[in-house]
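Presented below is the structure to which this report refers.
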Amino acid sequence: MEKINFVKRDNLKTKPRDEELVFGEIFTDYMFVMDYHKEKGWYDPRIVPYAPFEIEPSAMVFHYGQALFEGMKAYRNHKGDIVTFRPMDNFNRLNRSAKRICMPEINVNFVWEALKKLLIIEKDWVPSAKDTSLYIRPFMIATDPLLGVRPSCTYKFFIILSPVGPYYAEGLDPVKIYVEDKYVRATKGGTGDAKVAGNYAASLLAAEKAKAKGYSQVLWLDAADHTFVEEVGAMNIFFKINGKIITAPLDGSILPGITRDSVIKLAKYMGHTVEERDLSIEEVFEANEKGTLEEVFGSGTAAVISPVGVLAFKDKVIQINNNEIGQFTSMMYDKLTSIQLGTEEDIFGWVKKID
Ligand SMILES: *Cc1c(COP(=O)(O)O)cnc(C)c1O
């Protein structure tokens, strides 16, 4: 595709101090944008000041929800270089999400070049304190001004950047999770395995109810039987039972997390038994009674690894590992973050340097 135009802004923003960073509230000086038309394909790629833009109130994204996104991070490693983690997996997943809701695919190599260009311009926004990073949010929306229901013919693709601190206020302290037994997030054959905006809208009510009860997230059960554990809001979930690492299989209703895949590959490489299989919530609670439920943790780009300290299901509330981060969970967090920060060998070739 053509050259990426760069439109400079007059004044750069004041950057926050690393210690004040929370998750996703501050945006950098610039963003990447390109447009799509069915006849032309993607056109006019540009890096422009991060700013509001004009869009028709009738734009299809507002009415029928053709919107998808990705989430990845740029880190400043121990040498001060800027690196990203498995970025191509994110762009390939973006294309799978696009297909599922009839949106156009992107050229992953071109968009990777665009992201690198944007990150080089914005390099001073990449924080360096522990547990901070520059969160990268690519997303696509449908822009046809039309109330008829069909796939849009025009789209906009963006990459915006946000310097972030820990995703959960708890940091690496265990979170409390509420097992949802009424609402469902996704069903096989639906859009649960695509990273699309509508999945999140569908999840909000249950999450709000869980929050009101003092829990930070919801653990979703399968939609058909409310029996098997699926995932947690924006994270996949792992259980360590009797020495084995168990997580739900990728069979249509859960998001194929890149962190999930990294945990599985690292765990297997280190000689652990990993099972991707249906795991009922009963089995989890029974294991707890028998004393074989050792650890529970979530995995996702935003939080990396998040230990679960309390699980509540109906009228039962259990504590996992005395509400402390478990050995495997803690080791996995250290491994992943050390690979990202370059202090541990990147045996799988996951880290891509920006130069
Ligand atoms: C993004 C996301 C995840 C985590 O995926 P990663 O690639 O590991 O960041 C898990 N579940 C849902 C629903 C998600 O949207």
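Order of appearance sets the numbers: ligands from 1, and atoms from 1 within every ligand.
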Could you pull out every donor-acceptor pair under 3.5 Å between side chains of residues 240-253 and any protein atom, sequence neighbours left out?
residue: Lys240; atom: NZ; partner: Glu294; partner atom: OE1; Å: 2.8
residue: Thr247; atom: OG1; partner: Ile237; partner atom: O; Å: 2.6
residue: Ser253; atom: OG; partner: Glu230; partner atom: OE1; Å: 3.4
residue: Ser253; atom: OG; partner: Glu230; partner atom: OE2; Å: 2.7

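Residues satisfying the side chain to side chain donor-acceptor pair (under 3.5 Å) criterion with Lys99, sequence neighbours excluded, are absent altogether. Not counting sequence neighbours, Glu208 has no partner by the side chain to side chain donor-acceptor pair (under 3.5 Å) test.
A side-chain N or O of Glu295 and one of Thr329 form a donor-acceptor pair less than 3.5 Å apart.
In this structure, ligand 1 sits under 4.0 Å from heavy atoms belonging to Arg93, Arg185, Lys195, Tyr200, Glu231, Gly233, Ala234, Met235, Asn236, Leu255, Gly257, Ile258, Thr259, Gly300, Thr301.
The residues Asp261 and Lys265 are annotated as salt-bridged, a charged nitrogen and a carboxylate oxygen being separated by less than 4.0 angstrom.
At a threshold of 4.5 Å between side-chain heavy atoms, the hydrophobic network of Ile, Leu, Val, Met, Phe, Trp and Tyr places Ile47 and Trp42 in one connected group.
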